[in-house]
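Questions regarding the structure given below will be posed in turn.
Here, residue 1 is the first one in the sequence, and each next residue gets the next number. Note that this is a predicted model, so its numbers are computed, not measured.
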Amino acid sequence: MVVVTDVPEAQRYEARVDGESEVAGIAEYIRTAELVAFVHTEVSPKYEGRGIGAALARAALDEARAANLRVLATCPFIAGWIDRHPEYQDLLYQARSRVSD
């Protein structure tokens with residue numbers, strides 16, 4: 001089982017495999033009052049292929065939804081994960097176009 005925890009003072013989510021103290025993966029973010037930008041996701045090579053990245057993405061995006069935040073996925077992993085999971089695409093930040101005078 002993968003346990004994901006938000007660590008706001010480090011601006012990242014941390015994933016640990018149940019029963020282990022070592023951090024298996026991280027998803028770094030920048031959060032504002034309206035938006036959370038996911039900027040980097042990394043899984044330790046020791047834990048690759050065990051669903052750590054997916055657990056990070058799902059937990060982070062579920063928390064963004066619960067907080068009513070839009071998501072800016074500059075991290076290629078998070079962006080790709082959202083592409084493969086259309087149920088999260090409604091969270092994506094859409095830039096407002098500016099009309100010049």
Discussion item. Is there a continuous path of hydrophobic side-chain contacts, each under 4.5 Å between heavy atoms, that joins L72 to V36?
Written reply: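 Different hydrophobic clusters.
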Discussion item. Can you give me the closest heavy-atom contact between A73 and I78, atom names plus distance?
Written reply: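 The answer is CB-CG2, 3.9 Å.
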Fill in: Residues in salt bridge (charged side-chain N to carboxylate O under 4.0 Å, His left out) contact with D18, at least two apart in sequence or another chain
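Partners of D18 under the salt bridge (charged side-chain N to carboxylate O under 4.0 Å, His left out) test: none.
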Worksheet item: Do V17 and M1 come close enough that some side-chain heavy atom pair is under 4.5 Å?
Response: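 They are not in contact (no side-chain heavy atoms under 4.5 Å apart), so the answer is no.
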Practice prompt. Verify the distance criterion only: is there a donor paired with an acceptor across the side chains of D6 and Y29 at less than 3.5 Å?
Written response: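 Yes, side-chain donor-acceptor contact under 3.5 Å.
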Fill in: Exceeds 12 heavy-atom contacts within 6.0 angstrom, atom CG of D90
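Result for CG/D90: enclosed.
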Worksheet item: Do the non-hydrogen side-chain atoms of I30 and V39 ever get within less than 4.5 Å of each other?
Response: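 They are in side-chain contact.
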Discussion item. Has R84 got a side-chain atom pairing as donor or acceptor with G80's backbone, closer than 3.5 angstrom?
Written reply: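 The answer is yes, because a donor-acceptor pair under 3.5 Å joins these two groups.
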Discussion item. Assess the residue pair E48 and R50 against the criterion (salt bridge (charged side-chain N to carboxylate O under 4.0 Å, His left out)); give the C-alpha distance rounded to whole Å, side-chain angles, the decisive distance to 0.1 Å, and a yes or no.
Written reply: CA-CA 6 Å; E48 287 179 359; R50 295 173 63 180; over 6 Å; no
Worksheet item: Aromatic rings Y88 and H85: how do their planes relate, parallel, tilted or perpendicular, breaks at 30° and 60°?
Response: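 Perpendicular.
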Practice prompt. Only one of F38, Y13, W81 passes side-chain contact (heavy atoms from CB on, under 4.5 Å) with L56; say which it is.
Written response: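 Considering F38, Y13, W81, a side-chain contact (heavy atoms from CB on, under 4.5 Å) with L56 is found only for Y13.
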Item to complete: Verify the distance criterion only: is there a donor paired with an acceptor across the side chains of E34 and Y93 at less than 3.5 Å?
Response: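 Per modelled atom types, E34 and Y93 side chains form no pair under 3.5 Å.
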Worksheet entry | C75 versus T41, closest heavy-atom pair with distance |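 For C75 and T41, the tightest heavy-atom pair comes out as SG-OG1, 3.3 Å.
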Item to complete: Taking the side chain as every heavy atom from C-beta outward, state whether L91 and R65 have any pair of such atoms under 4.5 Å apart.
Response: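 Yes, their side chains come closer than 4.5 Å.
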Worksheet entry | Donor-acceptor side-chain pairing of Y47 and E22 below 3.5 angstrom |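 Looking only at side-chain atoms, E22 and Y47 do form a donor-acceptor pair, the distance falling under 3.5 Å.
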Worksheet item: Tell me, do L61 and V71 make a side-chain contact under 4.5 Å, heavy atoms counted?
Response: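 Yes, at least one pair of side-chain atoms sits under 4.5 Å.
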Worksheet item: How far does CZ of R70 sit from CD of Q94, to the nearest 0.5 angstrom?
Response: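 Result: 9.0 Å between the selected atoms.
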Discussion item. Using every non-hydrogen atom in the two residues, find where A15 and V2 come nearest and quote the distance to one decimal.
Written reply: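 So the minimum-distance heavy-atom pair works out to CB-CG1, 4.0 Å.
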Worksheet item: Between A57 and F77, what is the shortest heavy-atom contact and its length?
Response: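 In this case the closest contact between A57 and F77 is CB-CE2, 4.3 Å.
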Discussion item. Taking the side chain as everything from C-beta on, heavy atoms only, tell me whether L92 gets closer than 4.5 Å to I82.
Written reply: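 Yes, their side chains come closer than 4.5 Å.
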Worksheet item: Any donor and acceptor pair, going by atom type alone, linking the side chain of R12 with main-chain N or O of A27 inside 3.5 Å?
Response: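 It does not hold such a pair.
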Fill in: Atom pair OG1/CD of T74 and E28 - distance to nearest 0.5 Å
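These two atoms lie 10.5 Å from each other.
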Discussion item. Please evaluate residues L69 and T32 with respect to the criterion side chain to side chain contact (heavy atoms under 4.5 Å, CB included), reporting the C-alpha separation (whole Å), side-chain torsions for both, the decisive distance (0.1 Å), and the verdict.
Written reply: CA-CA 9 Å; L69 296 172; T32 70; 5.9 Å; no
